[in-house]
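One structure below.
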Amino acid sequence: MKRVLNFSAGPGVMPEPVLERAASEMLSWGGRGLSVMEMSHRSDEFIEIAARAEAGLRSLMGIPSGYRVLFLQGGATLQFAMVPMNLRRAGAGVDYLNTGQWSKKAIDEALKSGPVNVVATAAASNFTCIPARETWACDPAASYLHYTSNETIGGVQFHGVPEVGPVPLVCDMSSDILSGPVDVSRFGVIYAGAQKNIGPAGLTVVIVREDLLGRAPKSTPAMLDYAVQAASESMYNTPPTWAIYIAGLVFEWLRDLGGLGEIARRNAEKAGLVYDLFDITEFYRCPVAVADRSLMNVPFTLRDARLDDRFLQEAEAAGLQQLKGHRSVGGMRASLYNAMPRAGVEALVAFMRDFERRNG
Ligand SMILES: *Cc1c(COP(=O)(O)O)cnc(C)c1O
């Protein structure tokens, strides 16, 4: 069976061993004679699967005991609304950093429930860098500060956790969670849609510090209240059982390959192969400031945009798929999530050099 190299920004490439294992267990999980998809979410079997997934994530990320892990639905986009619903204190402001399109969406959603203080925006650079920390106009009394650790569309990534004092830090890690070690104790809330670096779409992982639970107003719908979800172990209603199961397998795959330190090393190497190209040729160009370049999503343009269609057609024919840039920015984008093998990136770079040789 031939598989393509999938450079999609999301849903993205999955680890092949996970797909194979899921295939082998599809009709009968653990010899029980039924698929995980067919199990009651209240069954002992599924409760074990969910507990194993949570333990796997906790161990990989080193999540401290004062944090709850929630397996929710609605994507990162629902978190744009749930974060202010759950954390905005009456009379206090909320701080947001604007580094691109995903930050902007989070800001727009927060604006529906009250004022938003945008501490800094990267608009002046057309969102190609992270505004220097010294320039952020933070409110020391803010309910929280929200930022996006990796702007999936712009290809701008934090390579460290910003210092914001005692204000709870809230982070949309949708496209770089599990791409390397992170000190969870620095955060109030971390959230991520699963379909980039965790597993199937339909699952949203939320990691929340326990003291931030129970702040939502009484009028908050139960499904949207972190405290309700935490109290019911993410089973207030039927959770996305299949997606939780696959996520658990991805966590085991990461553990077995050496954990987040090892995947970070591999990710840096993979991204380096592509970024190195921009140093040796002007045929391709990456707009992002060198220090803020994303290891997960590499946007680039061709010197001659008239070659874009040919580039994409020939790449597709060579088995390199989904390299078209986001519709809002054009050009190309190569997403190099955890599950993209180094050989896939080598094939991409070889194709790019060959294309330049023939068209440069
Ligand atoms: C994909 C993405 C989102 C949106 O995720 P959904 O799960 O589709 O709601 C939000 N933020 C970032 C950084 C993303 O990459």
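We count residues from 1, following the sequence as given. Order of appearance sets the numbers: ligands from 1, and atoms from 1 within every ligand.
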Criterion salt bridge (charged side-chain N to carboxylate O under 4.0 Å, His left out) on E233 and R68, from CA distance to verdict: CA-CA 9 Å; E233 305 283 339; R68 298 299 302 266; 3.6 Å; yes

T152 versus N297, side-chain donor and acceptor atoms under 3.5 Å: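 N297 vs T152: no donor-acceptor pair found between side chains.
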
Donor on one side chain, acceptor on other, S103 and E151, under 3.5 Å: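 Judged by distance alone, the side chains do pair up.
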
Residue pair Y96, Y144: steps toward the ring pair (Phe, Tyr, Trp, His ring centres under 6.0 Å) verdict: CA-CA 8 Å; Y96 278 72; Y144 59 87; 5.7 Å; yes

Residue shell around ligand 1, heavy atom under 4.0 angstrom: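 Residues within 4.0 Å of ligand 1: G75, A76, T77, F80, W102, T148, N150, T152, D172, S174, S175, Q195, K196.
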
Trace of the salt bridge (charged side-chain N to carboxylate O under 4.0 Å, His left out) decision for R3 with E16: CA-CA 10 Å; R3 295 205 4 112; E16 252 175 45; 2.9 Å; yes

Side chain proximity check, L169 to V167, heavy atoms < 4.5 angstrom: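 No, every pair of side-chain atoms sits at 4.5 Å or beyond.
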
